[in-house]
Amino acid sequence: MTIQDLKQHSPYGIYLEHCRKGELAYQVPAGDGRAVFYPRIAAPGSGITDLQWRVSKGLGTVYATTVVNYKNEPPLNIALIDVDEGFRMMSRVEGIDPMQVRIGMRVKMKMLPGDEKQPPYPVFTPLLPEGEPGFRGA
C-alpha cells in the first residue's frame with residue numbers, strides 16, 4: 001500500500017472526500033452517540049475504534065471570535081463554531097464585516113473549493129434576517 005493509498009483511506013482522506021462533495025462530515029463512536037471531530041482513528045477518552053461517519057446539516061453558533069489584522073491585508077475573522085451536531089471547530093465567518101461577528105450568532109456552513117495548494121475547507125456565513133446590520137445576503 002502506498003502513502004497515497006493510506007491518505008485516501010485514512011480518516012482525514014475520507015473527511016476530504018466529504019468536503020469535495022460539499023459536506024461537513026464528522027464521526028460518532030458506535031453505541032456512544034458523542035460527535036468526534038477532527039477525524040480520528042479512535043475516539044478521544046474511550047479509545048473506541050468503531051467510528052461511523054455522519055454528515056452535519058452545517059448549522060451552528062459562534063462560541064468565540066476574534067479579528068486578526070495583517071499589515072496591508074483586510075481584517076480576518078477567526079471563530080470557534082459550536083456545530084449543532086455536538087462538536088466545536090475552528091473556522092471563520094464570511095459575508096459580514098469581521099468586527100460584526102458576535103458570540104451567539106447563528107451561522108451556516110459553506111464549503112470553499114480549495115485549489116492545487118489547499119484542499120476544500122468549510123467556512124461559515126451568518127444566518128441574519130434581511131435588514132439586520134451586517135446582512136450581505138447568503
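Both backbone and side-chain heavy atoms feed into the values below; hydrogens, waters and symmetry mates do not. Numbers here are sequence positions counted from 1.
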Return the CZ to CD1 distance between Arg92 and Ile78, rounded to the nearest 0.5 Å.
9.0 Å
Linking I/L/V/M/F/W/Y whenever their side-chain heavy atoms sit closer than 4.5 Å, directly or via other members, would Val55 and Tyr26 fall into one cluster?
no
Do the side chains of Leu80 and Val68 join up, straight or via other hydrophobic residues, at under 4.5 Å, putting them in one cluster?
yes
Between OG1 of Thr66 and CE of Met99, what distance do you get to the nearest 0.5 Å?
8.5 Å
Looking at Arg54, Lys57, Arg106, Lys108, which one forms a salt bridge (Lys or Arg N to Asp or Glu O under 4.0 Å) with Asp84?
Arg106
Which pair of heavy atoms, one from Met111 and one from Glu23, lies closest together, and at what distance?
CE-O, 3.3 Å
Heavy-atom closest pair (Ala35 atom, Val28 atom, distance to 0.1 Å) is CA-CG2, 4.4 Å
Counting neighbours of CZ on Arg34 that are heavy atoms of other residues, nucleotides or ligands and sit closer than 6.0 Å, is the number greater than 12?
no
Are Pro120 and Arg20 packed together at the side-chain level, in the sense that at least one heavy-atom pair is separated by less than 4.5 angstrom?
yes
Got a sec, which residues hit salt bridge (Lys or Arg N to Asp or Glu O under 4.0 Å) with Asp50, two or more places apart in sequence or on another chain?
none
Could you check whether any side-chain N or O of Ser91 sits under 3.5 Å from a backbone N or O of Pro122, counting only pairs where one atom can act as donor and the other as acceptor?
yes
Going by ring-ring contact (aromatic ring centres under 6.0 Å, His included), name the pairs with one or both residues in residues 62-86, residues two or more places apart or in two chains.
none
Test item: Val93 and Pro126 side chains (from C-beta on) under 4.5 Å apart, heavy atoms:
yes
More than 12 heavy atoms from other groups under 6.0 Å of CZ on Arg40
yes
In terms of hydrophobic clustering (I, L, V, M, F, W, Y; side-chain heavy atoms under 4.5 Å; direct or indirect links), are Met90 and Leu16 co-clustered?
no
Is the shortest side-chain heavy-atom distance between Arg102 and Val62 below 4.5 Å?
no
Gap separating the CD1 atom of Ile41 from the OG1 atom of Thr49, nearest 0.5 angstrom:
8.5 Å
Residue pair Met105 / Ile96, side-chain heavy-atom distance below 4.5 Å
yes
So how far is it from Tyr12 OH to Glu17 CD, rounded to the nearest 0.5 Å?
11.0 Å
Rounded to the nearest 0.5 Å, how far does CD of Gln27 lie from OH of Tyr15?
11.0 Å
Grab the two heavy atoms, one from Val36 and one from Pro29, that are nearest each other, plus how far apart they are.
CG2-CD, 3.8 Å
Val107 and its side-chain contact (heavy atoms from CB on, under 4.5 Å) partner, picked from Val83, Ile81, Val123, Asp82:
Ile81
Check whether any side-chain heavy atom of Trp53 sits under 4.5 Å from a side-chain heavy atom of Pro39, and report yes or no.
yes
Would you mind reporting whether Leu112 and Glu94 have side-chain heavy atoms less than 4.5 Å apart?
yes
If we only count heavy atoms from C-beta on, is the Val101 to Phe124 side-chain gap below 4.5 Å?
no
Answer whether the closest heavy-atom distance between the side chains of Leu127 and Leu59 falls below 4.5 Å.
yes
